[in-house]
Amino acid sequence: MLLAVINENGHSGLVTILKGTELAQQIRAGVKSSIDALVATGRTAPTVAVVMAAETPEALVYVESVERSFSRVGICSRRVSVPDGATDADLQELIRDLAEDTEVHGILVPTPLRPGLTLLAAQDALPPAKDVEGISSANVGRLALGRPLAIPATPLGGMELLRHYGVELSGKQATVVGRSSVVGWPMATLLTQANATVTVCHSRTPNLAEHTRRADIVVAAAGRPAMITAAMVRPGAVVVDFGVNVTEQGMCGDVDYNSVSAVASAITPVPGGTGPVTAAVLVRNVYEAATRVLNMGAQSK
């Protein structure tokens, strides 16, 4: 989608709006066809357990979004509550119980976790075969080696969106703002593996704008509303916004969309950009986890 804009200097231009709806529909259609074929053979429809250990509005928005995507393609989902006051040991015990449950083919742990629980505890307990978000300790290590069983859906969706729109990555300068283990770090790793030269910035980075202005591709994944402004983006850059911030004015990203779209050559909107693709890629990850688990079960008989 092309949109005509006028930049701050009064020059008109075109910006490509990187909408994710069409790509998400394509991915879901492929997964639904595969699940229908799986069920037609008499095998069980994929089932994913959603471990409810996060209470932020953004996490609830995410869970509701992915549950809708699961339903559309025939994936069963069930929420598993983590009691108030639970410890890391309690969380790990719950995840290990789900790992042993033959009726569960995938496990999803939305983040950020509530105070008192640590992501590392969940990552250590998650079995790689049932890890649908690619965040288990084993899969994080495998991603670093270029051989993951699953890749986190958010950064993978961002990469697929860039490829869908024909954005060249090889040889480009990319700046990723945010270093979380579920978005920023894996996105930087995927961009590096696609032969981009990557700078990772974070809350302690001085002179952030100096790094973002050098980039051909700016990725915002810091969880701070509208922190990336037009003055921080080089004219003609591609901007990918993973931010999902619920404010009094509604949902917004980490990028000041109105100002940045006046200087960027391409930009993802919020909502409607990376979000739909993230949900669709997660659906595909669940199907792939189900086939792994079902095949393992068949081989053990």
Side-chain angles (χ1 to χ4, degrees), residues 24 27-28 30-32 34-35 38 43-54 59-80 82 91-92 94-113 119-143 147-160 180-183 185-187 189-190 242 244 274-297:
I27 294 172
R28 283 197 304 269
V31 174
K32 187 176 188 310
S34 296
I35 290 176
L38 179 71
R43 306 188 82 171
T44 306
T47 297
V48 59
V50 182
V51 178
M52 300 300 292
L60 293 176
V61 167
Y62 175 67
V63 169
E64 290 168 359
S65 172
V66 298
E67 286 177 336
R68 288 193 296 270
S69 292
F70 292 153
S71 177
R72 289 175 186 170
V73 300
I75 291 173
C76 302
S77 64
R78 72 184 201 219
R79 295 188 183 187
V80 182
V82 178
L91 177 61
Q92 289 187 318
L94 184 151
I95 291 173
R96 291 187 180 115
D97 287 344
L98 294 173
E100 296 298 323
D101 189 337
T102 58
E103 295 183 357
V104 171
H105 306 107
I107 302 170
L108 173 64
V109 184
T111 58
L113 301 182
L119 180 59
L120 182 59
Q123 290 173 301
D124 284 346
L126 270 172
K130 291 189 177 184
D131 172 21
V132 301
E133 265 280 40
I135 66 169
S136 69
S137 298
N139 273 330
V140 169
R142 291 180 66 96
L143 175 59
R147 299 291 298 274
L149 290 180
I151 297 173
T154 299
L156 180 57
M159 293 293 289
E160 297 212 3
S180 75
S181 61
V182 294
V183 184
W185 178 83
M187 185 65 180
T189 300
L190 292 171
F242 287 125
V244 179
T274 61
V277 187
T278 292
V281 168
L282 182 60
V283 162
R284 189 177 63 198
N285 282 358
V286 171
Y287 168 72
E288 291 174 351
T291 58
R292 284 195 299 269
V293 172
L294 290 171
N295 288 337
M296 289 167 58

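What you are looking at is a predicted structure, and each value in this text was computed from that prediction instead of being measured.
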Could you tell me which residues satisfy side chain to side chain contact (heavy atoms under 4.5 Å, CB included) with [X], sequence neighbours excluded, listed by chain and number?
X: Ser137; result: Leu120, Gln123, Asp124
X: Val63; result: Val50, Met52, Glu67, Arg79, Pro110
X: Asp97; result: Glu93
X: Thr47; result: Cys76, His105

As an exercise, state the distance from [atom1] of [X] to [atom2] of [Y], rounded to the nearest 0.5 Å.
X: Phe70; Y: Leu282; atom1: CZ; atom2: CG; value: 4.0 Å
X: Leu126; Y: Leu108; atom1: CG; atom2: CG; value: 9.5 Å
X: Leu143; Y: Ser181; atom1: CG; atom2: OG; value: 11.0 Å

Under the 3.5 angstrom rule, does the side chain of [X] hit a backbone N or O of [Y] as a donor-acceptor pair?
X: Arg292; Y: Leu149; answer: yes
X: Gln92; Y: Ala121; answer: yes
X: Ser65; Y: Val61; answer: no
X: Asn285; Y: Ile151; answer: yes
X: Arg43; Y: Leu294; answer: yes
X: Ser71; Y: Arg68; answer: no

side-chain contact (heavy atoms from CB on, under 4.5 Å), that's the test. Do Val48 and Val66 meet it? Break it down for me. CA-CA 11 Å; Val48 59; Val66 298; over 6 Å; no

Shortest non-hydrogen contact from [X] toward [Y]:
X: Val31; Y: Tyr287; answer: CG1-CB, 4.0 Å
X: Ala99; Y: Lys130; answer: O-NZ, 3.0 Å
X: Val286; Y: Pro46; answer: CG1-CB, 4.2 Å
X: Pro127; Y: Ile95; answer: CD-CG2, 4.4 Å
X: Ala289; Y: Ala129; answer: CB-O, 3.6 Å
X: Ile107; Y: Leu98; answer: CD1-CB, 3.7 Å

Any Ile75 side-chain heavy atom under 4.5 Å of Ile35 side chain:
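Contact flag for Ile75/Ile35 side chains = yes.
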
Do the non-hydrogen side-chain atoms of Trp185 and Val140 ever get within less than 4.5 Å of each other?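 Contact flag for Trp185/Val140 side chains = yes.
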
Practice prompt. List for me each residue that meets salt bridge (Lys or Arg N to Asp or Glu O under 4.0 Å) alongside Arg78, sequence neighbours excluded, and say none if there are none.
Written response: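 For Arg78 the salt bridge (Lys or Arg N to Asp or Glu O under 4.0 Å) partners, ignoring immediate neighbours, are Asp101.
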
### Message
Please determine whether side-chain contact (heavy atoms from CB on, under 4.5 Å) holds for the pair Val51 and Val82, giving the CA-CA distance in whole Å, both sets of side-chain angles, and the decisive distance to 0.1 Å.
### Response
CA-CA 7 Å; Val51 178; Val82 178; 3.6 Å; yes

Non-neighbouring partners of Glu160 that pass side-chain hydrogen bond (donor to acceptor under 3.5 Å, both in side chains), sequence neighbours left out =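 For Glu160 the side-chain hydrogen bond (donor to acceptor under 3.5 Å, both in side chains) partners, ignoring immediate neighbours, are Arg284.
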
